[in-house]
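First the structure, in the form of structure tokens, and then the observations on it.
Naming: A, B, ... by sequence-line order, numbering from 1 per chain.
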Protein chains: 2
Amino acid sequence: MAATIRDVARVAGVGLGTVSRVLNNSPLVSAATRQRVLAVMAELRYNPSQIARNFALGKTLTVATIAPFFTRPSVVERLRGIEATLTASGYHLVVFNVEAVERRDECLREAVRNDRADGLLLVSLAPRPDEAVALREAHLPVVLIDTCAEGLPGVSIDDVAGGHLATSHLIALGHRRIAFIGDPETDPLTFNFTSSRDRMLGYQQALAAAKLPLNPAYERHGLHGRYEARVLARELLHLPEPPTAIFAASDTQAMGVLEAARDLHLPVPEALAVVGFDDIDIAEYLGLTTVRQPLFESGARAVELLFLLLSGAAPPPAERLPVELVVRRTSMKNR
Amino acid sequence: MAATIRDVARVAGVGLGTVSRVLNNSPLVSAATRQRVLAVMAELRYNPSQIARNFALGKTLTVATIAPFFTRPSVVERLRGIEATLTASGYHLVVFNVEAVERRDECLREAVRNDRADGLLLVSLAPRPDEAVALREAHLPVVLIDTCAEGLPGVSIDDVAGGHLATSHLIALGHRRIAFIGDPETDPLTFNFTSSRDRMLGYQQALAAAKLPLNPAYERHGLHGRYEARVLARELLHLPEPPTAIFAASDTQAMGVLEAARDLHLPVPEALAVVGFDDIDIAEYLGLTTVRQPLFESGARAVELLFLLLSGAAPPPAERLPVELVVRRTSMKNR
DNA sequence: CTGTTAGCGCATTCAC
DNA sequence: GTGAATGCGCTAACAG
């Protein structure tokens with residue numbers, strides 16, 4: 001059916017190897033024969049079989065990405081960065097969306113068992129120690145995004161600093177009763193994924209630095225989602241001494257807080273200041289003050305690190321991207 | 001390094017074919033030998049080379065998806081449906097995000113040229129006639145999502161009916177000056193992608209059915225985006241006789257309309273009713289009345305159709321999923 | 001039931 | 001520079 005390298009060789013009256021060399025732009029071909037081969041290729045409408053090529057090379061020119069919750073806007077933005085950088089280099093991106101623990105484990109197992117990808121990108125999700133050794137043994141290069149793990153290259157941010165930034169901003173505005181809403185302390189899905197915890201750490205450190213008391217009742221944890229955060233925020237706002245400001249570990253959760261404020265007819269920022277994290281697309285629309293992190297860039301940079309690994313380089317150290325406070329309406333000065 | 005099927009055969013003292021049969025769960029193997037082979041496979045920590053398997057089979061167990069604008073929430077939701085259905089069948093999903101025309105063309109060309117995917121899914125993006133024949137010649141099965149094209153299977157919705165639904169709702173609320181904001185009439189990126197146009201058609205039909213005049217000044221088109229829609233909406237609201245209701249061809253654009261209303265201090269829905277389209281995640285948060293379409297299901301169903309094609313079935317006819325009006329705050333009765 | 005054989009399409013040695 | 005030979009790891013068709 002489709003023409004093969006052999007057909008081209010026969011018609012062009014040259015050897016197999018020569019056609020292969022032309023394909024790979026080898027300099028070991030005279031201009032004349034190259035032209036002839038090229039002409040025959042065009043004539044026969046030959047196109048090389050990628051899958052045979054992969055087989056012979058032992059490479060797939062594909063990298064797999066495992067990410068929890070496609071739908072999370074921050075993850076999507078990272079994927080955008082990954083896709084753009086990958087396809088710019090002729091690589092393909094295969095994606096796995098894990099929304100349950102079983103899938104998480106299965107995807108990781110599959111990734112090491114299979115050789116269908118040359119490298120692996122893990123978004124907001126760290127391998128367990130046993131998974132890490134499996135990865136190493138399978139010689140499957142991995143780069144982490146938005147997480148850290150002993151000895152594995154990755155690109156993340158300083159979540160502690162980010163939490164500190166957000167909280168000191170609220171303190172500077174005169175708030176003294178500042179609450180925190182974040183993810184559950186442990187989550188089997190995103191093993192060792194400490195973003196939320198670190199942001200809380202930054203929150204606590206900022207309070208301590210300002211000699212403000214740490215009120216455990218002001219620290220709430222729930223599944224990452226608007227609805228869950230809304231419930232938690234409502235609880236906070238019903239406290240005998242409710243917070244005047246809430247720092248949420250993500251913009252999604254901050255949206256839940258805004259909903260709660262609306263439920264209780266609390267004007268924002270007058271009665272309640274709100275700060276989120278990530279600066280997802282919608283944050284600007286909502287006028288949400290937030291801590292911006294370079295999402296697209298994190299994906300792009302991770303791919304670059306992976307390419308380094310694929311080229312045989314030693315595992316580069318983990319990198320940190322900068323964060324930045326973006327002040328908007330939900331935390332305007334008002335007191 | 002890694003054990004191959006040959007090693008297993010040697011150690012187990014059987015032939016190559018037998019090992020292969022065990023791998024493929026062929027019934028033509030005695031229980032005894034199967035056990036033995038299985039044991040040796042475990043002992044040698046053998047795992048089959050997918051890439052060699054693909055090569056021998058001439059299949060990749062991979063389907064490619066080309067979609068414009070990952071970041072569009074409706075597209076992401078469709079991708080979720082695609083991914084879930086695909087990986088449930090052991091297929092891999094490789095994604096291409098096209099945000100520019102050149103990339104669009106290149107991706108499609110690459111898809112037919114390469115044999116790196118067994119099938120192709122096109123989201124919100126129809127092949128041009130020449131591309132369609134190239135697809136056919138390459139024997140690359142395609143399923144369209146959110147679009148239609150002559151003779152190609154696809155899953156979409158009745159956009160005209162959706163536009164009609166939204167507009168009649170506004171008419172029933174007593175509105176008589178109803179404007180429309182949609183995508184540009186032609187877009188090289190999403191060739192033949194008529195969603196927005198069809199929704200406008202439904203809008204026009206609903207107006208005509210109610211004997212309401214069609215005011216060309218009330219029909220605006222701009223690039224699909226919040227900001228662009230915001231500008232258009234502002235123009236509309238500055239008209240000598242501004243509309244009292246705006247139907248936007250997507251929720252994203254409806255958000256722009258809401259922003260414009262906020263800019264002009266127009267209370268919604270009292271001074272301006274707004275209806276969107278898609279019912280993306282954020283719509284509920286915004287209290288946005290919208291036309292819901294089954295986004296996740298559209299992806300899932302498209303994959304099912306593609307599987308049909310891959311199994312050698314004749315191209316199934318295009319399918320339409322139902323739409324449904326979801327009334328929320330932005331179009332509450334108020335007059 | 002099982003072992004053997006012949007490719008799948010290409011890259012990569014080698015000789016010439 | 002170029003052609004011929006070998007093998008990547010597996011499936012499938014064949015003979016036993």
Side-chain angles (χ1 to χ4, degrees), chain A residues 1-41 44-62 90 113-118 138-139, chain B residues 1-41 44-62 90 113-118 138-139 310 312:
Chain A
M1 195 71 216
T4 78
I5 202 177
R6 174 177 271 104
D7 301 322
V8 176
R10 190 169 31 74
V11 175
V14 301
L16 274 186
T18 303
V19 179
S20 177
R21 273 181 281 255
V22 172
L23 271 180
N24 297 287
N25 289 317
S26 162
L28 305 173
V29 183
S30 76
T33 42
R34 160 165 287 127
Q35 285 315 317
R36 187 148 38 90
V37 170
L38 250 23
V40 173
M41 295 212 279
L44 263 45
R45 307 234 257 107
Y46 164 76
N47 50 28
S49 161
Q50 271 298 332
I51 138 167
R53 179 166 226 275
N54 290 343
F55 176 57
L57 249 25
K59 296 185 179 189
T60 59
L61 292 185
T62 293
R113 205 175 46 67
N114 266 333
D115 53 350
R116 286 171 72 174
D118 297 338
H139 298 287
Chain B
M1 197 68 215
T4 78
I5 203 177
R6 175 176 270 104
D7 300 322
V8 175
R10 189 167 34 71
V11 175
V14 300
L16 272 186
T18 303
V19 179
S20 176
R21 272 180 284 255
V22 171
L23 271 181
N24 297 289
N25 289 317
S26 161
L28 305 174
V29 182
S30 76
T33 41
R34 162 165 286 129
Q35 286 316 317
R36 188 148 38 92
V37 170
L38 250 23
V40 173
M41 295 211 282
L44 263 47
R45 307 235 255 108
Y46 164 75
N47 51 30
S49 161
Q50 271 297 331
I51 138 167
R53 177 168 226 274
N54 290 344
F55 176 56
L57 248 27
K59 296 184 179 188
T60 60
L61 292 185
T62 293
R113 205 174 46 67
N114 265 332
D115 53 351
R116 286 171 73 174
D118 298 338
H139 298 287
L310 289 177

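B:V14 comes within 4.0 angstrom of sugar-phosphate atoms only, judged by non-hydrogen atoms across all strands, and of no base. Here B:N24 lies in heavy-atom contact (under 4.0 Å) with sugar-phosphate atoms only. Using a 4.0 Å heavy-atom criterion, one finds that A:L28 contacts the bases of the nucleic acid, with or without backbone contacts as well. Base contact: B:G17 has a heavy atom under 4.0 Å from a base atom.
At C:dT2, one or more side-chain N or O atoms of B:T33 fall inside 4.0 Å of OP1 or OP2 (strictly under the cut-off). OP1 and OP2 of D:dT2 both lie 4.0 Å or more from every side-chain N or O belonging to A:T18. Contact between the side-chain N/O atoms of A:S30 and the OP1/OP2 oxygens of D:dG1 is not found at any separation under 4.0 Å. OP1 or OP2 of C:dA11 lies within a sub-4.0 Å distance of a side-chain N or O belonging to A:S20.
Comparing D:dC8, D:dA13, C:dT13 by their nearest atom to the side chain of B:R21 picks out D:dA13.
For the pair B:Y46 and B:L23, the minimum side-chain heavy-atom distance is below 4.5 Å.
Comparing A:S49 and B:A31 by the nucleotide of DNA chain C whose heavy atom lies nearest to each, the residue mapping closer to the 5' end is B:A31. With the nearest nucleotide of DNA chain D identified for both A:R34 and B:Q50, A:R34 has the one nearer the 5' end.
Environment of CZ in B:R6: sparse, with no more than 12 heavy atoms of neighbouring residues, nucleotides or ligands closer than 6.0 Å.
Atom pair A:L16:CG and C:dA11:P shows a separation of 10 Å (rounding to whole Å applied). Atoms CZ (B:R36) and P (C:dC1) sit 14 Å apart, rounded to a whole Å. Atom CZ of A:R53 and atom C1' of C:dT12 are 12 Å apart (whole Å). We find that CG of A:N54 is positioned 17 Å from P of D:dC8, with the value rounded to whole Å. Note: CG (B:L57) to C1' (D:dA12) measures 10 Å, nearest angstrom. In this structure, B:I5 places its CD1 atom 18 Å from P of D:dG7, rounding to the nearest Å. Spacing between atom CG of B:L44 and atom P of D:dG9 amounts to 14 Å, rounded to whole angstrom units. Atom-to-atom, NZ of B:K59 to P of D:dA12 comes out at 9 Å; the value is rounded to the nearest Å.
The two residues A:A12 and A:V40 make their nearest non-hydrogen contact at CB-CG2, 3.6 Å.
In the model, B:S49 has a side-chain atom that pairs as donor or acceptor with a side-chain atom of A:D115 under 3.5 Å.
Partner A:I5 forms a side-chain contact (heavy atoms from CB on, under 4.5 Å) with one of A:V22, A:V19, A:T18 and no other, that one being A:V19.
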